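Scroll down for the structure; my scribbles are underneath it.
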Amino acid sequence: MNTITLPPFYYRDNFQQLLDRAGLLPAELQTERERQLTSMALLLSPQALALLVRLLTRKGNLFRSERLAWAELPDLIEPVAELVSAGWVRVITARAELNDLVGVDEWLALYNRDELLQAWGDQLVGITGVSRSKLKSWRREQLDEICKQALTAGQLQRCDLQTALWWQLVSDCSQWLETLLLLYFGNLQQSLTEFVLRDLGLARYEDLPLDASLCPFHSRTQLDAHRALFHLSPDDDWLKAADADALQLRWNALQDIRERVVDDEWLQRRWMRMVTRLARQAERLALPELALDWYQSCECHPARERRIRLLAIRDPWQALAECRAAWFNSYSEDEWQFLQGFVPRLGKQLGKLDRQRLQTSGVIDWYQAAALPAEQFLNLPTDWKQRWPRVEQAVLDLLAEQGRPGIYVENALIVSVFGLLYWPLLFAAVEGAFFHPFQYRPDDLYEPDFLTRRQLWLQEIEADLDSGVWIDRVQQRAIDKMGIQNPFVYWEFVAAGLEQGWFETVLKRIPLEHWRAMFEFIWQDPKAHRSGLPDLLILEPDGGYQLLEVKGPGDQLQANQKSWLAWFASQNIPAAVLYARPEPV
DNA sequence: ACCAACCACCCAGCC
DNA sequence: ACAAAGCTCG
DNA sequence: GGCTGGGTGGTTCGAGCTTTG
Ligand SMILES: [Mn+2]
Ligand SMILES: [Mn+2]
């Protein structure tokens, strides 16, 4: 039912946007070579630019000409000739050129197993002494390895596989594209597909007040640091597969760029988060010395928590000293919750070692236990697992039977209302906040001075809260902005609430002072405090309400949940943990 | 440490 | 922050 | 001859990736 059709050269139009943006920005953000490529691209004929973009947006920069064909480019001869004469593409015809210019791995990857066996099957059988069918079931890596050996030994010739011509994009093209993307988006997570998804209606963005400078970086150094950091960022798969050597190598590489990130708070935070992940993997590989060392250079959560846990084993007094430092200057609410639980355990351990030392002033007497959250208990039928997919759902139904109806809200309710209420502030025209149309949040949302830079908008919203119109505003905004990306709004949830009619009920059920307190807590750390909210909102028959965090068997309170519960307690907001256990038989 | 599964076919080895 | 289609591997 | 096990060659399938709009 997708009626939207993109123009035939949509990809070229989108790329043109990148080029235009690069042209607007200060020249020193591109290298001389990049500036040259940018201006050369602007001079290409429409057809040739289209072909260039098609090639650029594919993996690698080596292609088989016979595999390239697009409906909107019926003739490739002319455009490719233009690209060749302008120096973008090299057409490789002869074997000598191939050997000089193209790495074997890159070249082998152009062919599939069948093609390799068809061209070289007999020779390979001769070389390996393995039957053809056996060869066919070899792993691709293994097959490539044999081919490479035979090629270097001269037993096989690359041109045996020549079906047409090879086209090679000039090698610094991918670097250039990266720079263009960085200049446009300010990051390397977003790409040209943003345009397509938006134009197909699959992603909707607020109509943003773009900054006049449009510039995500203030210097080339900053841009390069950003790029380097991105390439060193360990993704989950890499991390899981990494061994000690891989980690050490990555650590060394990160050390090398460290001085390039120290000037930039944001880059530095990112650097520390990456190192923390590296150290966590070192822990899993039983390399505590490495982990301790690495954590020490990270001033962020959970680096210090992990460090304290490791120190508790090898040097518990040192661990306690770190706890003390963290207690008076914690990185986050989560870290503080960790200390709440951990310091007493550490104290018990140290008390056995040297009670006197522990009781010395300033060693542990700074610690004060916080009140524990209120608790409730509920028995589950023994077959609850068959009847409900989730324990929260089971509790919801059972409580409803007892005359306490409710809604499964988790983070969605309060955080969505927050996002809707503060919408004008979040998308306010503040210098440097927005520089491209695909941002779902202002660039500085997580900076400490975010709110102080938006006092005017804040005051207006405060006034709406005072006057009571905020309830209408939030609902109207939900309708007006439905589906538009916002870092706080869960649209399916909001849409369900409007449709089923309970959204307004809930807004009114929770008293304004409670809403205020919850919003305040989110503002304290808008990234971390978006999660950890209780599972259920119970609408008590007397007109009150209660927030319930459900804990089934084997589940325990997370740090972020404790943080929220502690805040609720301090603000007299009715919240509790409900422990659900199967009925004892 | 390693990995597709399935089927039909051939052939040698064995009773 | 999507879905269909094609290719490739195992 | 009939049965068996191992090797062979062909097909089909699911999962995952790339390309596309
Ligand atoms: Mn939950
Ligand atoms: Mn829960």
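Everything numeric here is computed off the predicted structure, so don't read it as measured data. Lettering follows sequence order; numbering is per chain, from 1.
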What side-chain donor-acceptor pairs closer than 3.5 Å can you find for residues 283-290 of chain A, not counting sequence neighbours?
unit_1, atom_1, unit_2, atom_2, d
A:Glu283, OE1, A:Arg306, NH2, 2.9
A:Glu283, OE2, A:Tyr295, OH, 2.6
A:Glu283, OE2, A:Arg306, NE, 3.0
A:Arg284, NH1, A:Gln281, OE1, 3.4

Per-pair distances, 0.1 Å, donor-acceptor, side chain in residues 413-433 of chain A, under 3.5 Å, sequence neighbours excluded:
unit_1, atom_1, unit_2, atom_2, d
A:Ser416, OG, A:Ala412, O, 2.6
A:Ser416, OG, A:Tyr490, N, 2.9
A:Trp423, NE1, A:Glu206, OE2, 2.7

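Heavy atoms of A:Arg67 sit under 4.0 angstrom from primed sugar atoms or phosphate atoms, though from no base atom. Backbone-only contact: A:Leu6 has heavy atoms under 4.0 Å from sugar-phosphate atoms and none from a base.
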| message | What does the 5'-to-3' dot-bracket notation of DNA chain B look like when only Watson-Crick and G-U wobble pairs under 3.5 Å count, and pairs to other strands show as |? | response | ...||||||||||||

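Partners of A:Trp176 by ring-ring contact (aromatic ring centres under 6.0 Å, His included), not counting sequence neighbours, listed by chain and number: A:Phe15, A:Trp88. Listed by chain and number, the residues in a side chain to side chain contact (heavy atoms under 4.5 Å, CB included) with A:Leu101 are A:Arg90, A:Ile92, A:Glu97, A:Gln168 (sequence neighbours excluded). Partners of A:Phe493 under the ring-ring contact (aromatic ring centres under 6.0 Å, His included) rule, at least two apart in sequence or in another chain, are A:Trp502. Checked against ring-ring contact (aromatic ring centres under 6.0 Å, His included), A:Tyr10 has no partners two or more places apart in sequence or in another chain. Listed by chain and residue number, nothing satisfies the ring-ring contact (aromatic ring centres under 6.0 Å, His included) test with A:His301 (two or more places apart in sequence, or in another chain).
Atom name C1', nucleotides B:dA1 and D:dT20: the rounded distance is 39 Å, in whole Å. For the P atom pair drawn from D:dG14 and B:dC7, the interatomic distance equals 14 Å after rounding to whole Å. The gap from the P atom of B:dC10 to that of C:dA3 amounts to 49 Å, rounded to the nearest Å. One C1' atom belongs to C:dA4, the other to B:dC9, and the distance between them is 39 Å to the nearest Å. Rounded to whole Å, the P atom of B:dA5 lies 16 Å from the corresponding atom of D:dG16. Here, B:dC6 and C:dG10 have their C1' atoms 14 Å apart, quoted to the whole Å. Taking the P atom of each, B:dA4 and D:dA15 are spaced 15 Å apart, rounded to whole Å.
One interatomic measurement links the two molecules: NZ of A:Lys134 to P of D:dG6, which rounds to 12 Å at whole-angstrom precision. Whole-Å rounding puts the A:Leu143 CG to C:dG10 C1' distance at 13 Å. Distance CG (A:Asp13) to P (D:dG21): 12 Å, rounded to an integer number of Å. Taking atom CH2 of A:Trp138 as the reference point, atom P of D:dT8 lies 13 Å away to the nearest angstrom. Distance, A:Asp237 CG to D:dG16 C1': 12 Å, rounded to whole Å. Rounded to an integer number of Å, the gap from CG of A:Leu108 to P of C:dC9 is 11 Å. One can place CD1 of A:Ile4 at 15 Å from P of C:dC2, the figure rounded to the nearest angstrom.
Residues in residues 187-201 of chain A take part in no salt bridge (Lys or Arg N to Asp or Glu O under 4.0 Å) pair, two or more places apart or across chains.
Taking 4.0 angstrom as the limit, A:Arg139 places a side-chain polar atom (N or O) nearer than this to OP1 or OP2 of B:dC3.
Under the 4.0 Å criterion applied to side-chain N and carboxylate O atoms, A:Asp144 and A:Arg140 are assigned as salt-bridge partners. Ion pair A:Glu72/A:Arg54 flagged as a salt bridge, since at least one NZ, NE, NH1 or NH2 atom sits closer than 4.0 Å to an Asp/Glu carboxylate oxygen.
Between the side chain of A:Trp70 and the main chain of A:Leu51, no donor-acceptor pair closer than 3.5 Å is present. Panel note: side chain A:Glu145, backbone A:Glu141; no donor-acceptor pair is recorded below 3.5 Å.
The stretch residues 110-132 of chain A touches DNA chain C through A:Asn112, A:Arg113, each having a heavy atom under 4.0 angstrom from the strand.
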Check: protein-nucleotides 17-20 of chain D nitrogen or oxygen pairs below 3.5 Å:
unit_1, atom_1, unit_2, atom_2, d
D:dT18, OP1, A:Lys59, NZ, 2.6
D:dT19, OP2, A:Lys59, N, 3.4
D:dT20, OP1, A:Arg58, NH2, 3.0
D:dT20, OP1, A:Trp70, NE1, 2.6

N/O-N/O pairs, protein side and nucleotides 8-12 of chain B side, under 3.5 Å:
none

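Cation-pi geometry between A:Arg158 and A:Trp107 is met: under 6.0 angstrom from the ring centre, within 45 degrees of the axis.
Each of A:Leu55, A:Val170, A:Asn61 was evaluated against A:Val89; a single residue qualifies, A:Leu55, per the side-chain contact (heavy atoms from CB on, under 4.5 Å) test.
For A:Leu24, the CG atom is densely surrounded, since the number of other residues' heavy atoms within 6.0 Å is greater than 12.
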